[in-house]
Amino acid sequence: MSDYFQNIPHIPFEGKDSSNPLSFKYYDAQKNVLGKPLEEHLRMAVCYWHTFNWPGSDPFGGQTFLRPWMESGDPLEQAKDKLENAFSFFEKLGIPYFCFHDVDIAPEGESFSETEKKQKIIIDEVSKKLETSKVKLLWGTANLFSHRRYMAGAATNPDPDIFQYAAAQVKMCMDNTKQLGGQNYVLWGGREGYETILNTNMKQELDQLGRFLSMVAEHKHKIGFKGNLLIEPKPHEPTKHQYDFDSANVFAFLQKFNLENEFKLNVEVNHAILAKHSFEHEIAYALSNNILGSIDINRGDYLVGWDTDQFPNNVEELVLPFYYIFKNGGLGNGGLNMDAKVRRQSIDPEDLFFAHIGSMDTCARTLIAVEKMINDGSYDDFLQKRYQGWDNNKELMNSDSLENIYQRVKSENINPQPQSGRQEYLENLINSYIE
Ligand code: XLS
Ligand code: NI
Ligand code: NI
């Protein structure tokens, strides 16, 4: 077995004046924030795929990362080596959770049964690791987008055999997630969409997706999986028209198929931006409809129009969404999965640590600002005052009619005056909470 991270020590908390790049400046796991330890609020997770599988390729060049488990060799042995190194990474970082796709942790076989055997071998190894480790599984998911069989979709494929293959794969991955004590199960519909309506029967495909998700919900209850089922919206990538474009689109779809109580959302920061929303918009929408499940915390690039999956490092951008989340009771069963990768020139083991440390510090620093914001209450007061007129006008939301309102506007000579929205005042207020 290799020991890729052998030169990296356990990462300590040293505070913001430390000059040690391999230490936390803000992420003090046990610090009491809003009544409980910081790590229990943030529930941060390492994602297996970007941190241990992604080779550093881009459309113009291949692998840049030379990790021992990526060298040629027996794929099962490589998977075990990767697993050992992954757990050493989790422990040195002191991260409480991780997330994986089925194909990230074990190699695929020639047939479904062979793949299942290989999955079982590795899942049993993961089980053993979890027994002696503090790390837990935030969520598992099936990769229904990388293999060529899924090029025209998984649940939405024109070929029912591919639908069946995907269904079997999801069943297996849900069972494995349950075995590992996973707290959620995620579905990101990477290929559930289309390139051109020329070759696409949209109604048929949407019905297939509805049926597929109904079976997923049914299976959850059948096996007694207690975690949440989560759908992760994303627009335009990899297909031109994704069926799960954004939170509102997914919510409408769920309601159509009577699934709105079975699924919640896994909202990803950069997917929100790609949908031409802000992250806080997606969060506020999900919370307004009681469907926020979990977060993929990453960041995009202002100049590059695709999913760059960078580690979050900007507190200003996260304060408002975190405020909504934590004012509303927090992440519940969900967490902050760092669905992010280092840049392809960041080829050393310590680069993986710098990335994760920075993003954990950013989230911790944001939460500390949000605690001040909640305790201070000025922002909340502002919002309440802005809408307080509605407290004295309850009939408008219940029993009134256009006719009544029309009569009243005339008889009471209602002549409203516009009020300032105070955006700049609020921007300054929010910045004042950041330490
Ligand atoms: C891709 C998605 C993916 C999901 C899990 O853009 O973010 O990584 O989180 O399949
Ligand atoms: Ni994601
Ligand atoms: Ni993504």
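Whatever order the structure lists them in is the order used to number ligands and atoms, beginning at 1.
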Verdict with reasoning, M172 to Q119, per side chain to side chain contact (heavy atoms under 4.5 Å, CB included): CA-CA 9 Å; M172 176 165 71; Q119 280 283 323; 4.2 Å; yes

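Distances between N or O atoms of D307 and those of ligand 1 include at least one value under 3.5 Å. Between H271 and ligand 1, a contact under 3.5 Å exists for at least one N or O pair.
Within D307, the N, O or S atom at minimum distance from the Ni ion (ligand 3) carries the name OD2. Residue D296 approaches the Ni ion (ligand 2) most closely through its N/O/S atom OD2. Considering just the N/O/S atoms of E268, the one nearest the Ni ion (ligand 2) carries the name OE1. Atom OD2 is the N, O or S atom of D339 at the shortest distance from the Ni ion (ligand 2). Checked against the Ni ion (ligand 2), the N, O or S atom of E232 at the shortest distance is OE2.
Centroid-to-centroid, the aromatic rings of W139 and Y97 stay 6.0 Å apart or farther. Ring centers of Y48 and H101: at least 6.0 Å apart, outside the cut-off. Taking the six-membered ring for Trp, F87 and F98 have ring centres closer than 6.0 Å.
Considering only non-hydrogen protein atoms, atom 5 (C) of ligand 1 sits nearest to H101 NE2, 3.2 Å. The protein heavy-atom contact nearest to atom 2 (C) of ligand 1 is E232 OE2, 3.2 Å. Atom 8 (O) of ligand 1 has as its closest protein heavy atom D339 OD2, 2.9 Å. Scanning all protein heavy atoms for the shortest distance to atom 6 (O) of ligand 1 gives K234 NZ, 2.8 Å.
Taking CD1 from I162 and CG from N157, the interatomic distance works out to 4.0 Å, rounded to the nearest 0.5 Å.
Contacts of D296 with ligand 1, taken as heavy-atom pairs under 4.0 Å, involve the side chain alone. No part of N337 comes within 4.0 Å of ligand 1, judged by heavy-atom distances.
At a cut-off of 3.5 Å, with distance as the only test, a side-chain donor of Q169 or Y150 sits close to an acceptor on the other residue. Side chains of S133 and E91: a donor on one and an acceptor on the other come within 3.5 Å. With 3.5 Å as the limit, one finds a donor-acceptor pair spanning the side chains of S127 and Q179. With 3.5 Å as the limit, one finds no donor-acceptor pair spanning the side chains of N298 and H50.
Using 4.0 Å as the threshold, V186 has no heavy atom nearer than that to any atom of ligand 1. Residue contacts with ligand 1 do not include H50, since none of its heavy atoms lies under 4.0 Å from the ligand.
Stacking of R149 on the aromatic ring of Y165 is recorded, both the 6.0 Å distance cut-off and the 45° axial limit being met.
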